[in-house]
There are 2 protein chains.
Amino acid sequence: MDFQVIFKVNEKIYLRDPESSELGKHIIKSAIDLIYELGFEHFTFKKLALEIKTTEATIYRYFENKHRLLLYILNWYWSYLAYLVMFQLQNVSDTKAKLKTIVHLLTHELPDSGGRLDYNKNYLNKIVIAESSKVYLVKEVREINKNEVFKPYKDLCANIADVITAYNPDYQYPKSLSSTLIETAHHQQFFSNFLPRLTDVGTVENKEFTALFMDDMLFKILDKS
Amino acid sequence: MDFQVIFKVNEKIYLRDPESSELGKHIIKSAIDLIYELGFEHFTFKKLALEIKTTEATIYRYFENKHRLLLYILNWYWSYLAYLVMFQLQNVSDTKAKLKTIVHLLTHELPDSGGRLDYNKNYLNKIVIAESSKVYLVKEVREINKNEVFKPYKDLCANIADVITAYNPDYQYPKSLSSTLIETAHHQQFFSNFLPRLTDVGTVENKEFTALFMDDMLFKILDKS
DNA sequence: TATTTACAATAGTATTACTACTATTAAAAA
DNA sequence: TTTTTAATAGTAGTAATACTATTGTAAATA
């Protein structure tokens, strides 16, 4: 049986649904490539328009600005990750194994699982690591948050928190630990790659190192009390 | 006895030492106010020039761009924090008490301690929380890092790692834990303020909550093995 | 006194972010 | 079938931002 998994991204994020046209899909796909290549600061709608042979104004009909476009990509990512967590934890009864699966998902590229996925997963992974915090570390965060555009992140965090609580019902800070795991997955990977003195990365590969560090941390915290 | 503590910021960061003139000091002081007020994205040299009644070009003689100016502020902050850690741990023999002092320093505003400090510490604290990751989460991180401009951050991290190792010599990841503590202090404060569902903050105040969460986490990790 | 030197201001340019308006096309209505 | 309209993308701009080449001026030095 062939099937697709489709995520409806909150429509407050875009002006025009990029999933509704070929051009729209092309914008997202190329945006991922270009944000990876240039970094978010150097990424502009002009450059993207040039890349996909359209005009700046056309892209502005889909997204108010590049911040919203990044937010769209991350909403898609968070939704997909939450789906994967749900999917991969099906039929796993051991809560310890569940947590290990979560740490692995947080520290590795998205696997292909059923749904078609034509985005470059390696690039997407790098974008999440290096750029994701820029969508909320802005002056307008309160205003932006009113439109529920961070809901997929909060849901992901809540799902992980539930598994934490299932593993240890006495632990006091499941949500904070959950968001810390997500953020730590990002910065430990970034640091071990670019600023390794901020980590204890050795000969082992970055993603593997981050998973080891996080596993150790997680179970010491939860097995203690 | 009156005394001052002065930090020499790496001279690769600036074109002209802002400490060398009244105008330079004025630039830093007002930059802190303005970055706090507008957020880093909306902060420009034009607006800063208008604020301190000089011209854009003049500010460009001190700093190559606004990224470098932010880096300067953070270098100063990291150096001062490392100094405070060193200073406050003097004559404390109990390593547990040392770690608690560190967590408190990471989660609270800079105290006045000896040295004159005419920057707005509340604003500086907010800037560190919301903007600090933007100095390394850039495409040019490798290039920038070559000039040792992240040294104060790495030193701070190493100092904290030493205390961790003193407390528990068997713990495998002192530096990663140290950088995780620093980053967690920032995003848990940010989240509990703006996106509280990502945390377990309750009635207690944000800084206090973050300190409680981090204390709990730190000692569970280190007392375990 | 003449001459460097240090510094800041003037006056620009290129790029970025964004928008008002126009042209095209395809579907719906007459 | 023809006309109308609605949806879409493109043209052609403006304002703000990021940055620089050059000029002016005042203090330090010869």
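Reminder, nothing fancy here: chain letters follow the sequence lines and each chain counts from 1. Excluded from the calculations below are hydrogen atoms, water molecules and symmetry mates; all remaining heavy atoms, backbone and side chain alike, are included. As the structure is a computational prediction, the values presented were derived from the model and not from experiment.
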Sugar-phosphate only, base, or nothing, as touched by B/Ser21 at under 4.0 Å among non-hydrogen atoms: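 Nothing, no nucleic acid heavy atom in range.
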
Sugar-phosphate only, base, or nothing, as touched by B/Phe63 at under 4.0 Å among non-hydrogen atoms: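 Here B/Phe63 touches no strand at all.
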
Report the distance from atom [atom1] of [X] to atom [atom2] of [N], rounded to the nearest whole Å.
X: B/Ile59; N: C/dT10; atom1: CD1; atom2: C1'; answer: 15 Å
X: B/Arg68; N: D/dA18; atom1: CZ; atom2: C1'; answer: 16 Å
X: B/Leu69; N: D/dC19; atom1: CG; atom2: P; answer: 12 Å

Under 4.0 angstrom between A/Thr58 side-chain N/O and D/dG10 OP1 or OP2: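 Checking D/dG10 against A/Thr58, a side-chain N or O does come within under 4.0 Å of OP1 or OP2.
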
Quick one: which protein N/O atoms are closer than 3.5 Å to N/O atoms of nucleotides 25-28 of chain D? Pair and distance per line, please.
none

Pair A/Tyr72 and A/Trp76, ring centroids less than 6.0 Å apart: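 When the ring centroids of A/Tyr72 and A/Trp76 are compared, they turn out to be at least 6.0 Å apart.
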
Option among A/Thr107, A/Asn125, A/Asn193 that satisfies the side chain to side chain donor-acceptor pair (under 3.5 Å) test with A/Lys207: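 Option passing the side chain to side chain donor-acceptor pair (under 3.5 Å) with A/Lys207: A/Asn125.
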
Distances under 3.5 Å only, N/O to N/O: pair up the protein atoms with those of nucleotides 19-22 of chain C.
unit_1: C/dC21; atom_1: N4; unit_2: A/Arg61; atom_2: NH2; d: 3.1

Partner residues of B/Tyr36 under the ring-ring contact (aromatic ring centres under 6.0 Å, His included) criterion, sequence neighbours left out: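 For B/Tyr36 the ring-ring contact (aromatic ring centres under 6.0 Å, His included) partners, ignoring immediate neighbours, are B/Tyr123.
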
A/Tyr14: ring-ring contact (aromatic ring centres under 6.0 Å, His included) partners, not counting sequence neighbours: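 ring-ring contact (aromatic ring centres under 6.0 Å, His included) check on A/Tyr14 returns nothing, list empty.
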
Of residues 31-49 of chain B, the positions that come close to DNA chain C - non-hydrogen atoms, cut-off under 4.0 Å: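 Nucleic-acid contacts, sorted: none.
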
Any residue meeting side-chain hydrogen bond (donor to acceptor under 3.5 Å, both in side chains) with A/Lys53, in chain and number order, not counting sequence neighbours: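 Once residues adjacent in sequence are excluded, A/Lys53 has no partner under the side-chain hydrogen bond (donor to acceptor under 3.5 Å, both in side chains) criterion.
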
